[in-house]
Amino acid sequence: MHWRRLDMRRKDAMPRIGSLAALRMTPTNGRSTVYHEERYDIGRFKTEEKGRKAWWHGSRGVDNPTRLRKHYDIWWCPVAEFDGI
């Protein structure tokens, strides 16, 4: 598994919209009581119906990646789709 740093400003530094991906989020501020643990999530980036903004739709719900970047260093890697076998 090869983790890449997430950069929403560049298409080659983020997963394709709609593709399955895993995120690893490491806290940037160890003093925070809410954002103090490393966490993982699996899901997809999806865009708004009438806009270009991408939202993270993961196992913990929908998140704004810009807000998450304020608290975490975010890394991502592609995940193979489940083929049902």
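Every side-chain contact (heavy atoms from CB on, under 4.5 Å) that R9 has, sequence neighbours left out, goes to D7. For E81, the side chain to side chain donor-acceptor pair (under 3.5 Å) partners are R44, not counting sequence neighbours. Residues satisfying the side-chain contact (heavy atoms from CB on, under 4.5 Å) test with R5, not counting sequence neighbours, are D73, W75.
Side-chain contact between L20 and P15: absent, with no pair of heavy atoms (C-beta onward) separated by less than 4.5 Å. Looking at heavy atoms from C-beta onward, M8 lies out of side-chain contact with T66 at the 4.5 angstrom threshold. I74 is not listed as a side-chain neighbour of W56, based on a closest heavy-atom distance of 4.5 Å or more.
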Verdict with reasoning, N64 to W55, per side chain to side chain contact (heavy atoms under 4.5 Å, CB included): CA-CA 5 Å; N64 180 345; W55 291 82; 3.4 Å; yes
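Once rounded to the nearest 0.5 Å, the distance linking CZ of R39 with CG of L23 reads 8.5 Å. Distance check, rounded to the nearest 0.5 Å: CZ of F45 to NZ of K53 gives 9.5 Å. Rounding to the nearest 0.5 angstrom, the gap separating the CH2 atom in W76 from the NE2 atom in H2 is 8.5 Å. Rounded to the nearest 0.5 Å, atoms OH (Y72) and CD (E38) are 10.0 Å apart. A distance of 4.5 Å separates CG of L68 from CG of D63, quoted to the nearest 0.5 Å.
A donor-acceptor distance shorter than 3.5 angstrom exists from the side chain of T28 to the backbone of H71, with no hydrogens or angles considered.
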